[in-house]
Chemist: 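Dumping the structure here so I can ask a few things about it.
All values below come from the heavy atoms of this structure, side chains included, with hydrogens, waters and symmetry mates left out. Letters go in sequence order (proteins before strands), and every chain restarts at 1.
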There are 2 protein chains.
Amino acid sequence: MTGSYREDMWWHGRLRCRGYRITAGRDAVLDVLTKSDAHLSAEDIYMRVHRIYPGIGLASVYRTLELLAQMGLVYKFDFGDGRARYELAEGSKKDQHHHHLVCNNCHKVIDYNDFIEEEVELLKKTEKGLSRKYDFQITSHLIQFYGICADCRKQE
Amino acid sequence: MTGSYREDMWWHGRLRCRGYRITAGRDAVLDVLTKSDAHLSAEDIYMRVHRIYPGIGLASVYRTLELLAQMGLVYKFDFGDGRARYELAEGSKKDQHHHHLVCNNCHKVIDYNDFIEEEVELLKKTEKGLSRKYDFQITSHLIQFYGICADCRKQE
DNA sequence: CATAAAATGATAATGATTATCAATAACTTG
DNA sequence: CAAGTTATTGATAATCATTATCATTTTATG
Ligand SMILES: [Mn+2]
Ligand SMILES: [Mn+2]
Ligand SMILES: [Zn+2]
Ligand SMILES: [Zn+2]
């Protein structure tokens with residue numbers, strides 16, 4: 001227990017080995033993402049980080065999110081409400097790979113990982129076929145179902 | 001042949017029965033969408049419509065696209081280049097149901113419908129399960145693969 | 001501590017999309 | 001067809017998420 005090694009520092013290596021520096025702002029953004037299981041917007045994240053590290057600027061939050069998305073540490077989504085939403089990529093913590101149900105009315109988002117094994121299996125196969133046919137190097141996929149959530153259906 | 005019935009007017013009924021009016025602008029937008037197989041932005045569409053019907057305003061193009069997307073006659077996509085992209089929904093013309101490959105670098109989009117049967121079959125099954133479990137009425141889905149296209153890989 | 005380079009915060013700028021509103025066009029009814 | 005009702009439109013301003021700018025501060029490294 002002497003090293004006081006914090007396991008929530010796993011991304012330090014990832015940044016360093018690409019020549020990026022470890023900063024308080026980046027740490028704080030990752031911290032917020034790690035501790036939330038919601039789909040936060042840049043401003044959501046900015047506000048939460050601000051409590052921990054009031055010096056941070058909104059632009060840095062955007063820059064950090066862009067960087068992390070580029071590196072594949074976070075996923076960036078468009079759920080149709082006019083702002084980007086972010087979540088930590090799996091592999092970082094307990095999170096399972098999952099996809100989304102998106103309400104067209106209230107823009108609520110539901111994570112699901114039912115049928116995920118089958119989906120991913122088919123995706124793998126499809127990826128392989130598409131990569132060859134279109135000479136396209138696939139690195140990720142997006143699957144979302146759209147519709148009307150239970151709450152919104154009640155209100156009509 | 002006396003009726004001079006134009007088959008590219010199939011959407012008139014769809015609009016009328018919902019109380020919307022048939023206008024030259026809406027006709028022109030649908031016309032452009034029908035004749036293009038690209039993924040056009042609102043401004044792309046505006047410019048093309050402008051040739052046919054110079055009186056149209058950009059706002060009307062946006063309004064029309066919003067309406068048509070709402071009605072399910074066109075699909076609206078976000079391919080990551082900062083503007084929405086539109087395409088006519090299938091059922092309107094020869095188009096087959098398809099999904100997309102999106103290049104993370106140049107934002108090129110490739111339509112594919114290989115493996116579509118299997119994908120759609122699994123999607124149907126998944127939709128059924130998810131609808132029940134989450135009490136969510138699914139109306140559509142989105143599947144995209146991301147990666148680097150052949151051209152972009154050559155240039156590196 | 002000195003140095004070089006990366007990162008930051010404050011702020012202005014960008015740019016796609018929306019809201020506003022008076023004028024016009026589409027449908028309805030007689 | 002004409003008048004009346006209402007949806008739609010074009011022009012334009014406003015919104016607002018995201019980016020660019022740039023002088024200043026941090027980080028990493030020795
Ligand atoms: Mn999620
Ligand atoms: Mn397409
Ligand atoms: Zn809802
Ligand atoms: Zn490319």
Side-chain angles (χ1 to χ4, degrees), chain A residues 9 11-32 39-71 73-86 107, chain B residues 9 11-32 39-47 49-71 73-74 76-86 107:
Chain A
M9 293 301 183
W11 55 73
H12 285 199
R14 299 274 219 117
L15 288 173
R16 278 233 186 75
C17 73
R18 296 206 196 193
Y20 297 117
R21 296 180 175 174
I22 311 299
T23 70
R26 288 173 178 169
D27 244 11
V29 168
L30 260 320
D31 213 50
V32 163
H39 304 94
L40 303 173
S41 69
E43 190 144 10
D44 290 338
I45 294 166
Y46 168 68
M47 290 186 302
R48 297 191 187 199
V49 167
H50 201 266
R51 292 182 216 138
I52 309 170
Y53 177 56
I56 201 163
L58 178 57
S60 283
V61 173
Y62 272 105
R63 282 185 291 238
T64 298
L65 290 170
E66 184 58 34
L67 175 68
L68 296 175
Q70 206 61 46
M71 294 178 57
L73 297 182
V74 312
Y75 296 139
K76 179 179 182 180
F77 294 101
D78 166 32
F79 293 132
D81 67 341
R83 69 205 62 194
R85 301 272 168 182
Y86 302 84
H107 299 289
Chain B
M9 292 301 182
W11 55 74
H12 285 200
R14 301 274 219 115
L15 288 172
R16 279 235 184 73
C17 73
R18 297 207 195 191
Y20 298 116
R21 296 179 177 176
I22 312 299
T23 70
R26 287 173 179 169
D27 244 10
V29 168
L30 261 320
D31 214 50
V32 164
H39 304 93
L40 302 173
S41 69
E43 191 145 9
D44 290 338
I45 294 167
Y46 168 69
M47 291 187 301
V49 167
H50 202 264
R51 293 181 216 139
I52 309 171
Y53 177 55
I56 201 162
L58 179 56
S60 283
V61 172
Y62 272 105
R63 281 184 292 236
T64 298
L65 291 170
E66 183 58 34
L67 175 68
L68 296 174
Q70 206 62 46
M71 295 178 58
L73 297 183
V74 312
K76 180 179 182 180
F77 293 100
D78 167 33
F79 293 131
D81 66 342
R83 70 203 65 192
R85 300 273 169 180
Y86 302 84
H107 300 289

Chemist: If I take atom OH in residue B:Y53 and atom P in nucleotide D:dT8, what distance separates them, rounded to the nearest angstrom?
Modeler: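 Taking OH of B:Y53 and P of D:dT8, I get 14 Å after rounding.
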
Chemist: From CG of B:L67 over to C1' of C:dT17, roughly how many Å is that when rounded to an integer?
Modeler: 16 Å

Chemist: Under 30°, 30 to 60°, or over 60°: which ring-plane class applies to B:F77 and B:F79, parallel, tilted or perpendicular?
Modeler: parallel

Chemist: Over the length of the helix from C:dC1-D:dG30 to C:dG30-D:dC1, how much do the five-pair end axes diverge, rounded to 10 degrees?
Modeler: 50°

Chemist: Report the distance from atom NE2 of B:H107 to atom NE2 of B:H39, rounding to the nearest 0.5 Å.
Modeler: 15.0 Å

Chemist: Looking at side-chain heavy atoms only, is the closest gap between A:T64 and A:T23 below 4.5 Å?
Modeler: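 No, every pair of side-chain atoms sits at 4.5 Å or beyond.
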
Chemist: Could you measure the distance from the CZ atom of B:R14 to the CE atom of B:M71? Nearest 0.5 Å is fine.
Modeler: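 Separation between the atoms: 6.5 Å.
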
Chemist: Provide the closest heavy-atom pair for B:V29 versus B:I56 in the form atom of the first, atom of the second, distance.
Modeler: CG2-CD1, 4.4 Å

Chemist: Write out a two-atom table: protein N or O, nucleotide N or O from nucleotides 12-14 of chain C, distance below 3.5 Å.
Modeler:
none

Chemist: Show, in sequence, the C-alpha distance, side-chain angles and deciding distance for A:R48 and A:D31, and conclude whether the side-chain contact (heavy atoms from CB on, under 4.5 Å) test is met.
Modeler: CA-CA 10 Å; A:R48 297 191 187 199; A:D31 213 50; over 6 Å; no

Chemist: To the nearest Å, how far apart are A:D78 CG and C:dA16 P?
Modeler: 16 Å

Chemist: Within this structure, what is the CZ-to-P distance between A:R18 and D:dA28, rounded to whole angstrom?
Modeler: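 In whole Å, D:dA28 P lies 17 Å from A:R18 CZ.
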
Chemist: Closest approach of B:Y86 and B:A42, non-hydrogen atoms and distance?
Modeler: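 Looks like CE1-N, 4.0 Å.
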
Chemist: I'd like to know whether A:R26 forms a side-chain contact (heavy atoms from CB on, under 4.5 Å) with A:L68, so could you lay out the CA-CA distance, the side-chain angles of the two residues, the decisive distance to 0.1 Å, and finally the verdict.
Modeler: CA-CA 9 Å; A:R26 288 173 178 169; A:L68 296 175; over 6 Å; no

Chemist: Please list, chain by chain and in numerical order, all residues satisfying salt bridge (charged side-chain N to carboxylate O under 4.0 Å, His left out) with B:R85, sequence neighbours excluded.
Modeler: B:D44, B:D81

Chemist: For nucleotides 11-17 of chain D, give me every protein contact, N/O to N/O, under 3.5 Å, one pair per line with atom names.
Modeler:
residue : atom : partner : partner atom : Å
D:dA17  : OP1  : A:R83   : NH2          : 3.2

Chemist: Measure the distance from CG on A:L15 to P on C:dA6 and round it to the nearest whole Å.
Modeler: 15 Å

Chemist: Return the NE2 to CG distance between A:H12 and A:L30, rounded to the nearest 0.5 Å.
Modeler: 7.5 Å

Chemist: Considering residues at least two apart in sequence or located in another chain, which fulfil the salt bridge (charged side-chain N to carboxylate O under 4.0 Å, His left out) criterion with B:E43?
Modeler: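 Salt bridge (charged side-chain N to carboxylate O under 4.0 Å, His left out) list for B:E43, sorted by chain: empty.
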
Chemist: Using atom CZ of B:F79 as one end and atom P of C:dA16 as the other, report the distance to the nearest whole Å.
Modeler: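 Nearest whole value for this atom pair: 17 Å.
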
Chemist: Along nucleotides 25-30 of chain C, 5' to 3', which nucleotides get a B, which get an S, and which get a -, given that the test is a protein heavy-atom distance under 4.0 Å?
Modeler: BBS---

Chemist: Nearest heavy-atom pair of A:G57 and A:Y46: which atoms, and what distance?
Modeler: C-CE1, 3.8 Å

Chemist: Specify the separation, in whole Å, of atom CG of B:L65 and atom P of C:dT18.
Modeler: 10 Å

Chemist: Compare every heavy atom of B:R21 with every heavy atom of B:L15, then report the nearest pair and how far apart it is.
Modeler: CD1-O, 4.4 Å

